[in-house]
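Single-structure report; data block below.
Chain A is the first sequence line, chain B the second, and so forth, proteins listed ahead of strands; every chain is numbered from 1. All of these numbers come straight from a predicted model, not from anything done at the bench.
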Amino acid sequence: MKPFRMFGRSIRDAFRSVFRNFSLSLASISCITITLIIVAIALLASLNVNNFTKLIKEDVTIVVFIDREVDENKIGVIRARIDQGDNIASIEYKSKKEIREEMQASSSILEASMRDWDEDENPLMATFQIKVKDIEKIEETASVIEKIEGVHSVNYGKTMINKFLSAFKVIEKCTIVAVILLIVVTIFLIVNTIKLTIFSRKREISIMRLVGAGNFSIKIPFVIEGMVLGMIGSLIPVLIVIYGYYAFYQHFDGQLYSPLIRLITPEPFIYIISGIIILIGMIVGMLGSYQAVRRYLKV
Amino acid sequence: MKDVTMQYKNGVTAIYNLNLKIKKGDFVFVIGGTGCGKSTLIKMLYREEKPIRGEIIVGGLNVAKLRNSKVYKLRRKLGIVFQDYRLLPKSTVYENVAFALEVIGTKKEEINKKVLRALELVGLKGKLRNYPDQLSGGEQQRVAIARAIVNEPKLLLCDEPTGNLDPEKSMEIMKVLEDINSTMGTTIMMATHDKDIVNKMKKRVITLKDGRLISDEEKGKYKNEAI
């Protein structure tokens, strides 16, 4: 029972001292708020950028043209052989007829010229549209498919993809580095602010020691206090994330410039980010307090 | 309280080869001029400072070898009173006294009982809800004494408890300390340079000069050569 009782008191003391040292608490809270807002924006931006690159990558398709002479049975065999490759995410078959109908539907000029074709003299080629799992191995995969008997040719926008790939890598790395840097800076800022506020309570700590509080039981209320500060400090950033992102999403209608660059849909996303922000706030607050108190326990 | 031998140094030596034995239930004054080492002696007893040599045993604990993380074990056996009171300014009188029991995890009802008793003993039962800055110096010091004795320590260390008080208030404090000594049987060790107090109380007096023990007598008087 004793540990529970002491833990309960620690929680009570933590809340009490947040309010009794309100001006200092406010300093810590506003520091946490501001830095967490920056972290939140960085997180939102970087996750969205990563989402764009993922979407664009997913959109890359290998189009496999099948020789005209190949009949329906043979197509099944080719499909099975393509499917054996381990980099294949999905295969979609389009027969000559389907392609023709698609093309006819897409423009009236094509419609006029194709209307009279009869099925046997359709000059188009049946295709497989293949999505790959790992875009970096697309070249390899394409060359394997090209060698399969009955395949006429393979097309996947070789040069464009290579350019994209290298750009994506740079963007991904940059955003990750930026977010990590920001988090590190945040930790330093918050830890230092909390250290300052605890410095003014050095006396309190020495009195605690004087009356026989164990080091552990001195730390606990401070650590909980740090956690509470972190939580309060993350409130505004969380509201900004939820309402701000929602408004942003609505304003741009879920996409930037082209349908290809879609924003991440807000529903679960903003709540996950909010959770992360609260967690960062709490952990950093706890760490800061812990570090700061430790310095004053060495007497 | 057993045998105490120690030497202490931080650049300057504050205490030289001191041998001291204090019996249970004693009331001891430590006197001497400024810088004679009386505060250092008290500080070593509650392990604020560590001697570089020697052995200090308080209530069976070897204080000189006590690790930093274990200091609380010693402090729970002691009560300490300072010249500057050292109260928590943002806690009420009651909370200040209760604090000493809360940190060791005492039950709420027990805390309530003990705190009220301690405050009654120092005559402050009527000011439970006041904050320290609403009290006079003498009252604050009595709160500090209540906090020091609330967990019924065997030894009460006082480092110039009357240093900030006028003679009348000082005598009130001494009355309280004497009460504690006689009713609770608490050993009291008090550093002071107040001549009148020492002369009036007629207790054991230990005189230090430049870190050396120069006299130790029962029912002693304040000696002028000590200053």
Aromatic B:Tyr72 / basic B:Arg75 pairing, under 6.0 angstrom, 45° off normal: no
Heavy-atom contact with chain A under 4.5 Å, split by part of B:Lys107: both
Proximal component of B:Leu78, with respect to chain A [non-hydrogen, under 4.5 Å]: neither
Portion of B:Asp84 that has a non-hydrogen atom of chain A nearer than 4.5 angstrom: both
For residues 157-166 of chain B, which side-chain donor-acceptor pairs fall under 3.5 Å, sequence neighbours excluded?
| unit_1 | atom_1 | unit_2 | atom_2 | d |
| --- | --- | --- | --- | --- |
| B:Asp159 | OD1 | B:Ser39 | OG | 3.1 |
| B:Asp159 | OD2 | B:Ser39 | OG | 3.2 |
| B:Glu160 | OE1 | B:His193 | ND1 | 3.3 |
| B:Glu160 | OE2 | B:His193 | ND1 | 3.3 |
| B:Asn164 | OD1 | B:Gln83 | NE2 | 3.4 |
| B:Asn164 | ND2 | B:Gln83 | O | 3.4 |
| B:Asp166 | OD1 | B:Glu168 | N | 3.3 |
| B:Asp166 | OD1 | B:Lys169 | N | 2.9 |

Polar contact flag, side-chain donor to acceptor under 3.5 angstrom, A:Asn215-A:Arg294: no
More than 12 heavy atoms of other groups within 6.0 Å of A:Ile236 CD1: no
Any B:Thr187 side-chain heavy atom under 4.5 Å of B:Leu156 side chain: no
B:Leu88 portion near chain A, given a 4.5 angstrom heavy-atom threshold: both
Best-contacting candidate, B:Lys108, B:Arg147, B:Glu95, against chain A by heavy atom pairs under 4.5 angstrom: B:Glu95
Most contacts with chain B, counted as non-hydrogen pairs under 4.5 angstrom, among A:Ile218, A:Val211, A:Leu210: A:Leu210
